[in-house]
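These notes concern the structure reproduced below.
Proteins get letters first, then strands, A, B, ... in listed order; numbering begins at 1 in each.
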Amino acid sequence: MKSEQDVLAIVEELKKLYPEAICSLDYQKPHELLFATRLAAQCTDERVNKVTPGLYGRFPTLEALANADISEVEELIHSTGFFRAKARDIVAASRMLLDEYGGVVPDTMEDLLRLPGVGRKTANLILGDVYHKPGVVVADTHCIRLSGRLGLTDGTKDPAKVEAQLRKILPPEESNDFCHRLVLHGRAVCMARGPECANCTLRPWCDFYSGSC
DNA sequence: ATCCCGAGGG
DNA sequence: CCCTCTGGAT
């Protein structure tokens with residue numbers, strides 16, 4: 001596995017490469033990030049950002065979303081895929097947020113997971129980016145792939161295991177930003193297909209490079 | 001054919 | 001662990 005020095009070296013190198021560890025989903029309010037993340041399932045952030053202005057323009061508040069016609073939501077989000085399940089979840093979660101949480105997106109994993117269509121990925125994004133909780137690890141497709149290649153994890157693709165393994169080795173105050181940077185690096189350099197190892201400054205610490213690349 | 005900052009159900 | 005849900009880009 002990886003030494004503590006290697007982990008910190010990777011953390012620092014990613015900081016240099018991507019100074020601002022930002023989420024690339026556009027949003028203004030917490031519930032807008034929540035639903036943008038739901039829409040991002042098997043869909044690029046870029047495409048999500050093309051439909052959310054229309055969705056949140058037509059339904060500007062949680063109340064509007066809670067009372068929205070499902071088929072109208074389906075049309076607005078159609079191009080993101082899985083549109084039936086996503087539309088159903090967005091309206092149902094809006095209702096639960098109003099009925100049980102006073103319209104405030106909750107700040108605990110337990111409560112977030114009760115919301116329809118909210119899994120660990122979405123919940124962690126809210127805990128990290130909205131509430132700035134320490135020790136948040138967002139195990140999405142990029143995080144899972146890059147962590148495995150670098151050798152930060154044992155190669156598992158199970159999000160819960162990746163989450164647990166990263167939480168053990170990352171400084172809690174760095175973990176959330178680190179995951180955002182993995183996403184940025186996963187898009188720019190360490191793509192799923194044809195990773196550009198020649199352009200990658202993480203090579204000194206990367207198992208994938210020393211192995212099969 | 002494979003991938004995109006997944007979630008839910010079996 | 002597996003499968004399904006769905007569209008768009010490469």
May I ask you to list the residues of [range], by number, that have any heavy atom positioned under 4.0 Å from an atom of DNA chain B?
{"range": "residues 106-122 of chain A", "result": "A:Leu115, A:Pro116, A:Gly117, A:Val118, A:Gly119, A:Arg120, A:Lys121, A:Thr122"}
{"range": "residues 139-169 of chain A", "result": "A:Asp140, A:Thr141, A:His142, A:Arg145"}
{"range": "residues 82-94 of chain A", "result": "A:Phe82"}

Could you pick out which residue, A:Ala41 or A:Arg193, lies toward the 5' side of DNA chain C when each is mapped onto its nearest nucleotide? A:Ala41
Show your reasoning for whether side chain to side chain donor-acceptor pair (under 3.5 Å) applies to A:Ser71 and A:Asp69. CA-CA 6 Å; A:Ser71 59; A:Asp69 177 39; 2.6 Å; yes
For residues 62-106 of chain A, which residue pairs qualify under ring pair (Phe, Tyr, Trp, His ring centres under 6.0 Å), counting only residues two or more places apart or in two chains? A:His78-A:Phe83
Donor-acceptor pair, A:Lys86 side chain versus A:Thr80 backbone, under 3.5 Å? yes
Does A:His78 reach a base, just sugar-phosphate, or nothing at all? Heavy atoms under 4.0 Å. sugar-phosphate
Considering only the C1' atoms, how many Å lie between B:dC5 and C:dC1, rounded to the nearest integer? 23 Å
For a side chain to side chain contact (heavy atoms under 4.5 Å, CB included) with A:Phe59, tell me which candidate from A:Val73, A:Ile90, A:Asn67, A:Val91 qualifies. A:Val73
Among A:Val11, A:Asn124, A:Leu170, exactly one meets side chain to side chain contact (heavy atoms under 4.5 Å, CB included) together with A:Ser175. Which residue is that? A:Leu170
So where does chain A start and stop touching DNA chain C, 5' to 3', when the test is distance under 4.0 Å to a non-hydrogen atom? C:dC1 to C:dT10
Do the numbers put A:Arg203 on top of the ring of A:Tyr209, so that NZ or CZ is under 6.0 Å from the six-membered ring centre and no more than 45° off the axis? yes
Strand contacts (DNA chain C) in residues 43-52 of chain A, 4.0 angstrom heavy-atom criterion: A:Cys43, A:Arg47
